[in-house]
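Model, not experiment: these values are computed from the prediction. Numbers here are sequence positions counted from 1.
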Amino acid sequence: MRGPVRLIAALVVATMCAPGTWLRTPISTENPKSIALEQISGRSETGAPGWSVESVWHYSAGPSLRFGGFSALLPAGAGRLRAFSDRGFLFTFVEPDREEELPDRRQIADMPFNDPSLYPILWDIESVTHDSSPEGDYWVGFENTHAIHRYSYKTEPEDVRIIRDDVDWYDNGGLEAMERLSDGRFLIIPERRDEALILESDPVEAWDPQIIPYESAAEGFAVTDLAQLPDGRVLTVMRDVDWGNYPPFAGLLAIVDVPEVGSVKPLAPKVLFRFEGVLPPENYEGLAVSEQKDGRVVVWMISDDNLAAMQRTLLVKLVYDPSAIPDTVKR
């Protein structure tokens, strides 16, 4: 019975994570008049050596299709973060624990395209990755119409590749997680698949992926985003259904070594820590990493509220301190 049970669970996740399943009514198509910010918890331990929760914040706004549904997250420079929604909007904001964070610096914008014909087909953003150099490009992955669009660091549209005819993914199960690795390769994990894709360079320029097996870190959990740590390993945030939670989501953070070039070994992340008892239950999807001058690493994580009344847009700040890990448990 395990197969049918897992299939039902996967369908439940897909239904719950479809934008607007429990849509707030009435809903506006205009920018919200204001976006509120509230810190809801402070520092706590995760149970994983070297890892702690610094804080959790709640962003909220009046009902609007232009706020919420955030599925991806990037550092935007100058102490800012940029969240991308599955309705095709950008939310750029100052990290909430900085002194310069002010309400008027919480800004929403449209995802721009050079070709007007792309607007009605490219809207469901699920993944984002970037060249971490100061003026590096970034790449946006879209579901439904499976596509990858490259932008300049100024969010100027550059080029796009539609891969719909090159993959056999479900419409609502494609480019869930994508990371440009430090060696220039791209790692992609499609939703609800047992495979990972590795491309040698920019997938907009050439689509010729190597496909390797993917093994989940925990039964029933699916990857929702990826981010590479400065030490080269890759973090994965993962989600499952848990009817004992409200909203009914379980989550965990896992970690995996980057595959060697040409390797066909399975990509098999290992659990770092589970969110139960550590973070408020939510549909965590976006992940962004920022290395600090003191050697610590800040990991930001944002939740996708699915534009649902029962959910929230939460931003989590995790801190990874390599110096706090005993030598006996270092990699």
Side-chain angles (χ1 to χ4, degrees), residues 12-28 30-44 46 53-74 81-97 101 103 105-108 124-126 128 176 221-222 224-225 237-253 273-288 299-318:
V12 169
V13 170
T15 301
M16 294 190 65
C17 295
T21 300
W22 290 282
L23 199 63
R24 303 179 180 99
T25 55
I27 194 83
S28 171
E30 303 296 324
N31 278 351
K33 294 181 179 179
S34 63
I35 299 171
L37 172 62
E38 176 189 10
Q39 184 177 7
I40 62 173
S41 67
R43 194 178 189 282
S44 62
T46 66
V53 179
E54 192 72 17
S55 194
V56 181
W57 294 266
H58 175 209
Y59 288 88
S60 59
S64 171
L65 285 174
R66 298 174 67 89
F67 180 82
F70 300 117
S71 298
L73 189 66
L74 272 187
L81 296 167
R82 180 167 295 138
F84 298 75
S85 85
D86 50 24
R87 288 298 185 190
F89 300 108
L90 315 178
F91 173 38
T92 304
F93 54 100
V94 176
E95 295 169 2
D97 53 356
E101 200 290 321
R105 299 194 67 183
R106 305 168 198 161
Q107 301 173 341
I108 297 175
D124 188 355
I125 299 171
E126 288 294 332
V128 179
E176 185 71 21
F221 281 80
T224 58
D225 206 1
V237 60
M238 308 186 74
R239 172 191 64 211
D240 194 10
V241 171
D242 185 344
W243 294 110
N245 287 333
Y246 183 84
F249 293 102
L252 62 83
L253 197 66
F273 63 90
R274 294 177 183 265
F275 298 165
E276 183 178 4
V278 176
L279 298 174
E282 253 308 340
N283 178 32
Y284 296 103
E285 290 212 14
L287 202 59
V299 177
W300 297 96
M301 188 164 59
I302 198 166
S303 68
D304 176 357
D305 70 351
N306 299 308
L307 304 179
M310 66 183 293
Q311 292 182 243
R312 297 181 290 178
T313 297
L314 301 183
L315 181 74
V316 176
K317 182 179 182 180
L318 302 169

Test Leu253 against Thr46 for side chain to side chain contact (heavy atoms under 4.5 Å, CB included), laying out the working first.
CA-CA 10 Å; Leu253 197 66; Thr46 66; over 6 Å; no
Is there a side chain to side chain contact (heavy atoms under 4.5 Å, CB included) between Glu126 and Asp86? Walk through the geometry before answering.
CA-CA 6 Å; Glu126 288 294 332; Asp86 50 24; 3.9 Å; yes
Worked verdict on Phe93 versus Phe91 for ring pair (Phe, Tyr, Trp, His ring centres under 6.0 Å)
CA-CA 7 Å; Phe93 54 100; Phe91 173 38; 4.6 Å; yes
Test side chain to side chain contact (heavy atoms under 4.5 Å, CB included) on Phe275 and Asp242 and set out the steps.
CA-CA 12 Å; Phe275 298 165; Asp242 185 344; over 6 Å; no
Before giving the answer on side chain to side chain contact (heavy atoms under 4.5 Å, CB included), spell out for Leu279 and Val56 the whole-Å C-alpha distance, their side-chain angles and the decisive distance to 0.1 Å.
CA-CA 8 Å; Leu279 298 174; Val56 181; 4.0 Å; yes
Evaluate the criterion side-chain hydrogen bond (donor to acceptor under 3.5 Å, both in side chains) for residue pair Ser71 and Asp304; output intermediate values, then yes/no.
CA-CA 6 Å; Ser71 298; Asp304 176 357; 3.3 Å; yes
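Between the side chain of Thr92 and the main chain of Gln107, no donor-acceptor pair closer than 3.5 Å is present. For Asn306 (side chain) and Ala308 (main-chain N/O), no donor-acceptor pair under 3.5 Å exists by modelled atom type. No side-chain donor-acceptor contact under 3.5 Å links Ser303 to the backbone of Asp305. Side chain of Glu282 to backbone of Arg312: a donor-acceptor contact under 3.5 angstrom is found.
Between Phe67 and Phe70, the two ring planes are perpendicular [angle over 60°; tilted spans 30° to 60°]. The aromatic rings of Trp57 and Trp300 sit tilted relative to each other, their planes meeting at an angle between 30° and 60°.
Using a 3.5 Å distance cut-off with no hydrogens or angles, the side chains of Gln39 and Ser55 do pair a donor with an acceptor. Under the 3.5 Å distance criterion, with hydrogens and angles disregarded, no donor-acceptor pair is assigned to the side chains of Thr224 and Arg239.
Every residue meeting the side-chain hydrogen bond (donor to acceptor under 3.5 Å, both in side chains) condition with Glu101, not counting sequence neighbours, appears here in chain and number order: Arg106. Considering only residues two or more places apart in sequence or on other chains, Ser41 meets the side-chain hydrogen bond (donor to acceptor under 3.5 Å, both in side chains) condition with none of them.
Residues Asp225 and Ala72 share a closest heavy-atom pair of OD2-CA, 4.4 Å.
Side-chain atoms of Met301 and Leu315, non-hydrogen and from C-beta on, never get closer than 4.5 Å to each other. Contact annotation: the side chain of Arg82 never approaches that of Leu73 to less than 4.5 Å [non-hydrogen atoms, C-beta and beyond]. Using a 4.5 Å heavy-atom cutoff, the side chains of Ile40 and Leu314 are in contact. Within the 4.5 Å cutoff, side-chain heavy atoms of Arg87 are placed close to those of Leu307. Side-chain contact check for Tyr246 versus Gln311: every heavy-atom pair is 4.5 Å or farther apart.
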